[in-house]
2 protein chains.
Amino acid sequence: MVASETQRKILDEAERLFSERHYATVTLREITAAAGVNIASVNYHFGSKNILLREVFRRRALDLNRERLTLLDRAEREAAPEPPELEAVLFALAAPPIRWSQEAGGPRARFMRFLRLCRVDATEEIKTLISREIGHLQRFLVPLERILPGSSRADLCWSLHHSLGVIHEATAELDRLARLSDGACHTDDGEEIIDRVVRFCAAGFRAANHGQGACTNA
Amino acid sequence: MVASETQRKILDEAERLFSERHYATVTLREITAAAGVNIASVNYHFGSKNILLREVFRRRALDLNRERLTLLDRAEREAAPEPPELEAVLFALAAPPIRWSQEAGGPRARFMRFLRLCRVDATEEIKTLISREIGHLQRFLVPLERILPGSSRADLCWSLHHSLGVIHEATAELDRLARLSDGACHTDDGEEIIDRVVRFCAAGFRAANHGQGACTNA
DNA sequence: GTCTATAGAGAGATAGAC
DNA sequence: GTCTATCTCTCTATAGAC
């Protein structure tokens, strides 16, 4: 897909600019100037601004879900034939996006900011790509049903939905958290954040079990 | 602030359009055409597109925080001199935004969509307004410290942050949840959603207490 | 207050030389 | 593949008649 150096430079700078501002406010002139290439090269290499946008999305989006599924597979394999720990499943869900977001100044942290914008306001082409993530989320329901056999499918789906909210918030608005806590919260320790997220969500999952709030903490 | 009928119509249509698409992609021509007013009237009544955007935000943003604080005050008053229940505090945080989002087709549901977009990509003027919400969140820390005296301030702030993530996600992406669960989740029953959110977050708060995962369920 | 008309800027896309 | 030059379009904002 990315054949030439020019294409790669355009993708990099577009990703950077799209992560800082909404794509409608980023001009091809800015992108090509930052990449040090001619303005006509976007249309030559990609065809249009919209296609460039889609390629920026595609370049990394699949990797993220793949990392999640790799961690999930490993957790299941290591625990087999027993189901994995709830915490291990939630770790597989939470660790990749939080780690990417913590790579301060790096391309994957920028991509996570871009992804957040896409989730709120994406083009039709990107919406189609986003909608495919249902598949990989359903994959997470399989071990969850084994771990919490008393929970209804609705309970599990809601808890998964809540957990995604916690994860998304852990990749955003950390400056607000820092100010809210007067610096008491370490917002730059990715592994601590993952740990807090997993613990919070695991408790929520267990409390949602049948609406009984059954306590399974050791 | 809203003196004339024209101003109100412009604000209503701008709110509607800004909730559907990013403000950079919404033109004054669209807004004025939808409102049935002349294109020049935006600049006459508001001065510029940016000021119109700010006014759309201001019109309802303060109300939302006010509703939260009203519920919190009531919970504290009814429980006094004891601290309120954790669930009552979380209810005060969660109920207003979720109820607004559930007013399908109504202006406040549209505003909630607009707010989500602003949280990701706002103008400088709106960022200033958003940053003031720290104050009302700190107000929630007061009862939380009484309810969970063993928790550090960092624990409480993180749990509050996680809870805001759960709440935000409960006002968005409900179509994804419906598809994920094959319709098993009722995404249109606001009070049930609030109940699920409160239960999930309360369990998370208690598990984050000292990192001990102490179980306080009856 | 409301309208028409337009100024003035800047966008995405493309033709065609090299 | 890369460049310049430019076409065509649409935007916000404003001037000025009514």
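In this text the structure is predicted, and so the values were computed from the model without any measurement. By convention in this document, chain letters (A, B, ...) are assigned in the order of the sequence lines, proteins followed by strands, and residues within each chain are numbered from 1.
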Colleague: Does the plane of the ring in B:Phe140 sit parallel, tilted or perpendicular to the ring in B:His136? Use 30° and 60° as the thresholds.
Modeller: perpendicular
Colleague: Could you work out, with salt bridge (Lys or Arg N to Asp or Glu O under 4.0 Å) as the rule, every residue matching B:Asp73, not counting sequence neighbours?
Modeller: B:Arg139
Colleague: Scan residues 90-104 of chain B for pairs that pass salt bridge (Lys or Arg N to Asp or Glu O under 4.0 Å), counting only residues two or more places apart or in two chains.
Modeller: B:Arg99-B:Glu191, B:Glu103-B:Arg108
Colleague: Distance alone, cut at 3.5 Å: any donor-acceptor contact between the side chains of B:Ser41 and B:Asn38?
Modeller: no
Colleague: Take nucleotides 2-7 of chain C nucleotide by nucleotide from the 5' end and write B, S or -, depending on whether a protein heavy atom sits under 4.0 Å from the base, only from the sugar-phosphate, or from neither.
Modeller: BBB---
Colleague: Quickly work out the A:Asn50 CG to C:dA13 C1' distance and round it to whole Å.
Modeller: 13 Å
Colleague: Roughly, in whole Å, what's the span from CG in A:Leu28 to C1' in C:dA13?
Modeller: 9 Å
Colleague: Of all residues at least two apart in sequence or in a different chain, which pass the ring pair (Phe, Tyr, Trp, His ring centres under 6.0 Å) check with B:His22?
Modeller: A:His22
Colleague: A side-chain contact here means heavy atoms from C-beta on lying under 4.5 Å apart; do B:His162 and B:Phe205 qualify?
Modeller: no
Colleague: Taking atom C1' of C:dG12 as reference, at what distance in whole Å does atom CZ of A:Phe46 sit?
Modeller: 16 Å
Colleague: So, using side chain to side chain contact (heavy atoms under 4.5 Å, CB included) as the criterion, who are the partners of A:Arg29 when residues are at least two apart?
Modeller: A:Thr27, A:Ile39
Colleague: Can you tell me the distance, in whole Å, between the CD atom of A:Gln7 and the P atom of D:dG1?
Modeller: 7 Å
Colleague: Please step through side-chain hydrogen bond (donor to acceptor under 3.5 Å, both in side chains) for the pair B:Arg176 and A:His161, ending with a clear verdict.
Modeller: CA-CA 9 Å; B:Arg176 183 194 63 196; A:His161 188 77; 3.2 Å; yes
Colleague: Mind calculating the distance between NZ (A:Lys49) and P (C:dT14) to the nearest angstrom?
Modeller: 15 Å
Colleague: For DNA chain C, which residues of residues 19-26 of chain A approach it to below 4.0 angstrom with any heavy atom?
Modeller: A:Val26
